[in-house]
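These numbers come from the heavy atoms of this one structure, side chains and all, not from hydrogens, waters or symmetry mates.
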Amino acid sequence: MALEDAKTQVDQAFTREDLKGLSFENTFGGATSFLRRRYSKDLTHADIAVTGIPFDQAVTNRPGTRLGPRAVREASALQSPDAPYGWDICPASELAIVDYGDLAFDYANVPAFPDTLTDHIRGILATDTASVAIGGDHYVSFPILKAYAEKYGPISLLHFDAHSDTWADDDFSRVDHGTMFYKAVKSGIIDPATSVQVGIRTTNEDNLGVPTIDAPTVHEIGPHETARRIREVLGDRPVYLTFDIDCLDPAYAPGTGTPVWGGLTTAQAEAILKGLRGINIVGGDIVEVSPPFDTTGATAIAGAHVAMSIICLLGWRMTGR
């Protein structure tokens, strides 16, 4: 950390003149954006837009994921002075990253939410900028994927979760965080044969043919073999990565709506994500961070690191490493 710079840098979320470069303001002060990136709606020169989705209509039990974007942004400030360890890339220095702010929507008009979110992401993609969404319950991935499928065609989904989220639901007007990937497959938005689910540990009779590496298998074969198997399925197809924070064991991420024991450790998740360097990732999200159920902030810290990992994976692709 450049302590000399810390004496003068503050509120880089607004005062930063360049979209690239590390921030050295005090982690405990200043305006909070993701990684202290500049807040901007201008994506003309941006490579990646981080955007918050403060939504939790469809949680099974514990609400609060609408507060996830704020918590993840705050936790990300702990990372801002340094390049991410072990990634061999410094996204803050090498990529133009902006904090695009949060999705604006009418909380009392839930049926309008999906199209509002799709339009939001569609606007980002129209500028050839990749999106990284933070916060929200897992339903938000479905409207996001619609926008990505418009740009890339049926997309491969890399899905980290405790749940498959492919329970049958043919009522497409329902906003449900447990059936959206059923709808995505049935809509032709994602290609199940070239998609992968990782960390699953709840029973579902039908995962619609999506290859699955469940949590016990990850524990048995280890993160490096897990990453190899994922890469084998994905090939070089365009990939959207979605990471439900309850993929992690509740010992590491208690602040989520649907905690399930037996999950991945943060060390396993980190190793798997690093082992995916070079995949053709085009965007991603980290969802279901529910700060009210974790006073320690550990869940938000994990969420911020996952978001950073997604950015690093995007950076590997964008810089041609």
Side-chain angles (χ1 to χ4, degrees), residues 19 33-34 37-58 65-66 68-69 72 95-107 109-159 165 172-177 179-191 194-195 237-244 280-287 307 310-311 313-315 317-318:
L19 296 184
S33 62
F34 188 81
R37 299 301 91 191
R38 189 171 78 194
Y39 277 111
S40 179
K41 298 297 186 183
D42 181 3
L43 300 179
T44 304
H45 302 293
D47 297 312
I48 298 172
V50 179
T51 186
I53 315 296
F55 181 79
D56 62 355
Q57 161 66 19
T65 58
R66 65 182 60 185
V72 171
L95 302 173
I97 305 170
V98 303
D99 192 320
Y100 196 62
D102 285 355
L103 172 72
F105 63 96
D106 182 351
Y107 70 89
N109 187 4
V110 176
F113 171 80
D115 287 344
T116 301
L117 176 52
T118 299
D119 286 341
H120 180 73
I121 300 300
R122 186 184 288 128
I124 294 172
L125 298 183
T127 66
D128 290 327
T129 304
S131 72
V132 176
I134 54 176
D137 71 45
H138 212 160
Y139 177 81
V140 305
S141 297
F142 183 33
I144 293 173
L145 284 166
K146 286 182 178 180
Y148 271 88
E150 288 175 3
K151 184 177 180 70
Y152 295 100
I155 201 162
S156 296
L157 181 69
L158 177 51
H159 174 203
D165 294 331
F172 279 62
S173 68
R174 295 186 67 252
V175 178
D176 189 324
H177 76 148
T179 67
M180 68 285 173
F181 294 141
Y182 173 91
K183 294 170 181 174
V185 172
K186 294 297 184 180
S187 302
I189 291 172
I190 64 174
D191 176 11
T194 60
S195 298
R237 285 182 49 78
V239 177
Y240 184 89
L241 193 162
T242 181
F243 196 111
D244 187 328
N280 188 17
I281 183 173
V282 292
D285 62 51
I286 168 67
V287 297
I310 294 172
I311 288 172
L313 289 171
L314 284 165
R317 178 183 65 80
M318 292 174 175

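- Panel note: side chain Thr118, backbone Pro143; a donor-acceptor pair is recorded below 3.5 Å.
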* Asked: side chain to side chain donor-acceptor pair (under 3.5 Å) between Thr44 and Asp42: does it pass, once the steps are laid out?
  -> CA-CA 6 Å; Thr44 304; Asp42 181 3; 2.5 Å; yes

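- Once rounded to the nearest 0.5 Å, the distance linking CD of Glu150 with CD1 of Ile155 reads 11.5 Å.
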* Phe34/Ile97 under side chain to side chain contact (heavy atoms under 4.5 Å, CB included): CA gap, chis, key distance, verdict -> CA-CA 9 Å; Phe34 188 81; Ile97 305 170; 5.7 Å; no

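- Rounding to the nearest 0.5 Å gives a distance of 8.5 Å between NE2 of His138 and CD1 of Ile286.
- Using the six-membered ring where Trp is involved, Tyr139 and Phe55 have ring planes that are tilted, between 30° and 60° apart.
- At a threshold of 4.5 Å between non-hydrogen side-chain atoms, the residues Asp119 and Thr116 do not count as touching.
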Side-chain donor-acceptor pairs of residues 182-189 under 3.5 Å, sequence neighbours excluded:
| unit_1 | atom_1 | unit_2 | atom_2 | d |
| --- | --- | --- | --- | --- |
| Tyr182 | OH | Asp170 | OD1 | 2.8 |
| Tyr182 | OH | Asp170 | OD2 | 3.4 |
| Lys183 | NZ | Asp169 | OD2 | 3.1 |
| Lys183 | NZ | Asp171 | O | 3.2 |
| Lys183 | NZ | Arg174 | O | 2.8 |
| Ser187 | OG | Lys183 | O | 2.6 |

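- We find the CD1-CD1 distance between Ile311 and Ile281 to be 10.0 Å, quoted to the nearest 0.5 Å.
- Qualifying side-chain hydrogen bond (donor to acceptor under 3.5 Å, both in side chains) partners for Tyr148, counting only residues two or more places apart in sequence or in other chains: Ser131.
- Residues Tyr240 and Ile144 meet the side-chain proximity criterion, which asks for heavy atoms closer than 4.5 Å.
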* **Residue pair Thr242, Asp285: steps toward the side chain to side chain donor-acceptor pair (under 3.5 Å) verdict** => CA-CA 5 Å; Thr242 181; Asp285 62 51; 2.5 Å; yes

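- Using a 4.5 Å cut-off on side-chain heavy atoms (C-beta onward), Met318 and Ile48 make contact.
- To the nearest 0.5 Å, the span separating CZ on Arg237 from CG on Leu157 amounts to 11.0 Å.
- Expressed to the nearest 0.5 Å, how far CZ of Arg66 lies from CD of Gln57 amounts to 8.5 Å.
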* To do: Take Asp99 and Arg37, measure what salt bridge (charged side-chain N to carboxylate O under 4.0 Å, His left out) needs, and give me the verdict at the end.
  => CA-CA 6 Å; Asp99 192 320; Arg37 299 301 91 191; over 6 Å; no

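- Contact record, Val282 with Leu314: C-CD2, 3.7 Å, taken as the closest heavy-atom pair.
- Put simply, the side chain of Asp47 gets close to the backbone of Ala96: a donor and an acceptor are under 3.5 Å apart.
- Here the closest heavy-atom approach between residue Ala49 and residue Ile124 is recorded as CB-CG2, 4.0 Å.
- The two residues Leu125 and Lys151 come nearest to each other via the heavy atoms O-NZ, 3.4 Å.
- The heavy-atom pair separating Phe181 from Ile190 by the smallest distance is O-CD1, 4.4 Å.
- Closest approach of Val140 to Gly135, counting heavy atoms only: CG2-O, 4.2 Å.
- Interatomic distance, Leu43 CG to Asp128 CG, rounded to the nearest 0.5 Å: 11.0 Å.
- For the side-chain hydrogen bond (donor to acceptor under 3.5 Å, both in side chains) test, no residue two or more places apart in sequence or in another chain qualifies with Arg317.
- Contact annotation: the side chain of His159 approaches that of Asp165 to within less than 4.5 Å [non-hydrogen atoms, C-beta and beyond].
- Side chains of Phe105 and Leu117 form no contact here, defined as non-hydrogen atoms less than 4.5 Å apart.
- The backbone N or O of Ser156 lies less than 3.5 Å from no partner atom in the side chain of Thr194, so there is not a single donor-acceptor pair.
- Here the shortest heavy-atom pairing between Val175 and Pro114 reads CG2-CG, 4.3 Å.
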